[in-house]
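Worth saying up front: this structure is predicted, and the values here are computed from it rather than measured. Ligands are counted one by one from 1 in listed order, and the atoms in each one are counted from 1 as well. The first residue in the sequence is number 1, and the count goes up from there.
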Amino acid sequence: MESGLSARDRVGVQDFLLLDNYTSEAAFIENLRRRYKENLIYTYIGSVLVSVNPYRELEIYSKQHMERYRGVNFYEISPHIYALADNSYRAVRTERKDQCILISGESGAGKTEASKKVLQYYTTMCPTRNNTQSIRERLLQSTPVLEAFGNAKTLRNDNSSRFGKYMDVQFDYKGAPIGGHILNYLLEKSRVVHQNHGERNFHIFYQLLESGDGALLKRLGLDRTNPQQYHYLVKGNCPRVSSISDKNSWKVVSKAFTVIGFNEEEVEELLKVVASVLHLGNTQFGEDEYGETHLTTEMPIKYVSELLGVEGSYLSEALTHKKIVAKGEEMIGPLSLEQAVSARDALAKAIYGRTFTWLVQKINQSLDEVYYTSKCSSVIGLLDIYGFEVFQNNSFEQFCINYCNEKLQQLFIELTLKSEQEEYEAEGIGWETVEYFNNKIICDLVEEKFKGIIAILDEECLRPGDACDLTFLEKLEDRLGGHAHFVTHKLANGKIRKAVGREEFRLLHYAGEVNYNINGFLDKNNDLLYRNLKEVMCQSSNQIMKECFQTDELTDQRRPETAATQFKLSLAKLMDILMSKQPSYIRCIKPNDAKQPGRFEEVLVRHQVKYLGLMENLRVRRAGFAYRRSFEAFLQRYKPLCPDTWPNWQGKLSDGVSTLVKHLDYKAEEYKLGRSKIFIRFPKTLFLTEDALELKKPTIGEREKRCVILIHDYITSSVIMIQSWWRGVKGRRRAKRRRQAADTIRNLIKGFILRNEPRCPDNEYFLDHVRFSFLMTIKRNLPKSVLDRTWPRPPPSLTEASVHLHRLCIRNLVNDYCRKIQPEWRNQLEQKVVASGIFRGQKDNYPQSVPRLFVGTRLENEEINLKVRQTLGTDNKYGVVVTKYDRHGFRARPRQLLLMGSGVILVQESKIKQRIDYSSLLGISVSSLSDGFFILHVPPADSKQKGDLVLQCDHVIEAVTKLAVMADKIHSVNISQDSIKFAIARGKEGVIDFTYGAELRVVKTKNGHLAVVRIIQSHTKPINHLDKILSL
Ligand SMILES: Nc1ncnc2c1ncn2[C@@H]1O[C@H](COP(=O)(O)OP(=O)(O)O)[C@@H](O)[C@H]1O
Ligand SMILES: [Mg+2]
């Protein structure tokens, strides 16, 4: 407000509260006009924003503009819708209190545009969370979809909303928009079947026909070439409008569907419903010679039944007959031609109306994921609802709309008065009673139980017998005659009687008088759809229709609420919602009917100022004081006007304001000081103060110049002081670092010299450093695997620790390795470990055996004679080919040695030659040389045995290891250097001598011994991984 005080002569006041003559409607309108001419479309009445439709794009809605209004107080900057949006948003963030913004005004005044601007502000300026980006998009994109289905071109507005909309935008505790919810009110369904001249049906029909692609239209049975053929689109005789691009809108709507989350099938189902309405409109009826109504067109009904998935014949029947259920019996009767047409229209309206509600619910599903669950959130509600309407001919719709405005006005007055009163109380200023017109009497006239117009209308709709619109009017006259706000032709006298038609009743609304024509009231209120049409729709296979027409409706015995009662109930709910929130108001005004920029028609504006209750509002706000401002803001602005408060007031703010106004010579009746605000009664007082400020400004300039020089000097010296202080700090820091570095070096040198001494204060730093670096070196160079033997060289003082650490580390790696090995490999290693325990360092050919893997068996099943197998069964664990030497003659004989579960078997082809149970095996002997001999010792007294077995095998290490393991004789393997004695039957002994020689030989010597001559072998080194592991 302050920002415009100085420009008030040219552009009027930014806040009507500052109008001198606040009771004058002319002054009010003149202020609006002046500002409008300068393209200043916004003006405040306190915190209410009045907006005049500019009918042109103004450069005031950019992102920069939004930023200018962020976090700024109302009065600091020129009025704007963003200021109001920001104010509500800040209240949500700081007070966490739900807000609502009520936008009202007549059709075409700019309500919907205003609500879009507010939404745009929130989606652009509020912080985002990762997942809130899509919610912003969905919030924004819900508008084009709802506009396509709920808006239409009317005489007043090319994009007129034909439904009321209340939208909650939900914010989380950080102020990011996280969801929303939409409530819709009373769609003007009659438009689906009828449009006044110059008006159109809902946009979606034209968008689909104009831009739906060829294949889609074919599927829907529609023809783009001739839109005039659709009866429901030609009533207004206005297919195209220059300001509307159906093509572009179609693109926008198609994209919006995707953003909101409709899939292709859902869109197609929806468009099928739209197309079916058009086809329904083309369904025509005729009468035959017996007066029976029948369908004269075939195709449209075929399309409808196809698109909605209903039985064609069933639908045709339902359109020409009606079913009545009386006393449990169903009766079917023919419809007259007129009734059939209205049944068809009722069906079209019901289909479209319910689909619209379905659409709102579907959009809500995509917006309100968290709406009902999120606790730490607040909402801002946006109400864009039809304004007060007065036409030449007003019907049921206008009656509902004006009743709605009557309710909103009541709320507005109540809440404005309430907030005024609260502010006065908070500031400790006595409340002065304000005279105002309370429109409760009119609300009661319409809605009161049993007595109100809606109750009478319902009564007439429900009454059996010859109830009609005229009987309704008579009843109204009967019951309401004498009410101060109700008149009819019959009740009125003289001049007024002439102005009210015989089929009209007049209501004296707070905003003015409106005559309502009673024709159609009963039908519209009943909003009836014949039962058999409902039955047909309940069987539809179209997914949307399935949700819109449910069989419960057929079985429900209760009569559905009438349209007016439904509306009354939904309004009552809306009032509760609004009452629970802190309201802000945008009052939209339409400057001319021709939708032309720059044209300000006073008569039209005066009418709106009246019915928007703006003068009433201003009077209430001005009844006490015209201007109020916090002490701080007031002092800040006007402190140059008093030497005691300039340049700064050091004491309490209220004392400062008090000193200031005394100096300005304010009279006691001109102002009051509250607890935190000053209240100024007359704008004139404020203007005089403002003028004084203007006069003072040049001298403030002189003084300011001097101040600037002083400040400059002061700043320069401060800068120098800060610089020198900072240099000092930096120098001290550098010196400290240098000192620390020298100490470190000194410690290290001293420690190095004394490094071999016991730990003492002089070397402890060095030793710690050495230990730390060695540990860090180990950490960086740890062995990578069990075979990696590298290890950093430790400093002398850490040799012992290093050995321990190395061992720990290897053990750890080995543990790791063991944990990871597979069962077969583990088995292999276990056997190898046993072999190593027995043979390592004992037998010459052991090293060669190490790299060779032990196998499960050396004899495949087929290599063992079948008979033997049958005899022994499956107990065979290991088999190997051996040479058996006779105990006496030492003749070599080929045999198979089988290790069974319980003993060793020697086999010659099909014969089992010998069996030694493990329990009776005394031991096993082998030589230390590289031969393959091994002797199995049995007890000499064992009568079953013929003596010890002398065997030779190419896999002696493997065979003996396995045998030792299986027989549990690991510790009974003897390794002899030169000779091995063995028992021959009957207490005799044989001897095998093992010697080295030039060639390999096995011979019987003269002394009866068996001589085994081996060639000398060089020791082979372990050669692979396995060797290394075993040699660890
Ligand atoms: N702030 C604005 N700036 C530019 N044009 C506007 C503005 N407000 C309204 N209009 C114009 O007026 C038309 C009607 O506005 P709209 O919001 O649809 O009216 P209402 O919802 O009150 O019936 C819009 O289509 C637009 O052309
Ligand atoms: Mg609108």
Side-chain angles (χ1 to χ4, degrees), residues 32 35-36 38-43 49-62 65-66 69 78-85 101-121 142-167 182 184-188 191 199-200 202-203 241-246 248-249 252 356 382-391 397-398 401 404-405 408 585-601 604-605 608 611-612:
L32 267 188
R35 294 178 61 75
Y36 185 69
E38 297 284 336
N39 277 333
L40 299 169
I41 61 166
Y42 298 120
T43 313
L49 180 76
V50 180
S51 157
V52 188
N53 189 345
Y55 284 121
R56 67 156 69 104
E57 294 306 320
L58 298 178
E59 303 285 313
I60 55 169
Y61 301 112
S62 65
H65 277 89
M66 292 184 185
Y69 282 89
S78 53
H80 202 293
I81 191 159
Y82 293 157
L84 183 123
I101 298 176
L102 279 68
I103 310 170
S104 50
E106 80 168 44
S107 182
K111 301 178 293 294
T112 305
E113 289 298 320
S115 77
K116 286 192 223 171
K117 303 256 174 324
V118 172
L119 199 58
Q120 196 90 42
Y121 182 81
S142 64
T143 309
V145 172
L146 286 181
E147 285 194 358
F149 283 81
N151 285 26
K153 183 217 179 302
T154 64
L155 287 177
R156 320 219 150 195
N157 182 354
D158 292 348
N159 182 32
S160 176
S161 326
R162 308 314 299 162
F163 66 105
K165 178 172 147 192
Y166 172 80
M167 179 185 207
I182 296 170
N184 57 313
Y185 297 95
L186 196 72
L187 178 75
E188 187 199 40
R191 182 167 296 273
E199 299 198 347
R200 298 207 312 177
F202 294 99
H203 295 324
V241 192
S242 62
S243 68
I244 300 174
S245 165
D246 291 320
N248 285 348
S249 306
V252 174
F356 186 75
L382 278 173
L383 181 70
D384 167 15
I385 204 152
Y386 4 69
F388 195 84
E389 271 184 5
V390 191
F391 294 125
E397 287 83 3
Q398 282 68 47
I401 288 172
C404 165
N405 278 274
L408 285 172
Y585 305 91
I586 302 174
R587 309 298 230 166
C588 299
I589 289 180
K590 184 174 169 180
N592 62 69
D593 265 336
K595 304 166 196 166
Q596 270 181 14
R599 204 163 124 189
F600 191 91
E601 287 172 9
L604 195 74
V605 174
Q608 293 169 71
Y611 76 61
L612 283 170

Q: Using heavy-atom distances, let me know which of Ser107, Ser51, Gly110 sits nearest atom 15 (O) of ligand 1.
A: Gly110

Q: Return the option from Ile81, Asn53, Asn157 holding the heavy atom at the smallest distance from atom 19 (O) of ligand 1.
A: Asn157

Q. What's the shortest distance from atom 21 (O) of ligand 1 to any protein heavy atom, and which residue and atom give it?
A. Thr112 OG1, 2.6 Å

Q) Is the distance between the Mg ion (ligand 2) and the nearest N/O/S atom of Ser107 smaller than 2.8 Å? A) no

(Q) So, 2.8 Å as the limit: is an N/O/S atom of Ser160 located closer than that to the Mg ion (ligand 2)? (A) no

Q: Among all protein heavy atoms, pick out the one at the shortest distance from atom 1 (N) of ligand 1; state its residue, atom name and that distance to 0.1 Å.
A: Tyr61 OH, 3.1 Å

**Q.** Protein residue, atom and distance nearest to atom 27 (O) of ligand 1, heavy-atom basis
**A.** Tyr55 CD2, 4.9 Å

**Q.** Interfacing atoms of ligand 1 (cut-off 4.0 Å, heavy-atom, Gly108)
**A.** 14 (C), 19 (O), 20 (P), 22 (O), 23 (O)

**Q.** Contact atoms of ligand 1, heavy-atom distance to Arg56 under 4.0 Å
**A.** 3 (N), 4 (C), 5 (N)

Q. Among all protein non-hydrogen atoms, which one is nearest to atom 17 (O) of ligand 1, and what is the separation to 0.1 Å?
A. Glu113 N, 2.8 Å

Q | Ala109 near ligand 1 by a heavy-atom separation under 4.0 Å | A | yes

Q: Could you tell me whether the side chains of Ser107 and Asn157 share a donor-acceptor contact shorter than 3.5 Å?
A: no

Q.
Under 3.5 Å, is there a donor on one side chain and an acceptor on the other for Arg587 and Ser104?
A. yes

**Q.** Atom of Pro54, atom of Ile41 and distance for their closest heavy-atom approach
**A.** CB-CG2, 3.8 Å

Q. Judged by non-hydrogen atoms, does Pro54 sit under 4.0 Å from ligand 1?
A. yes

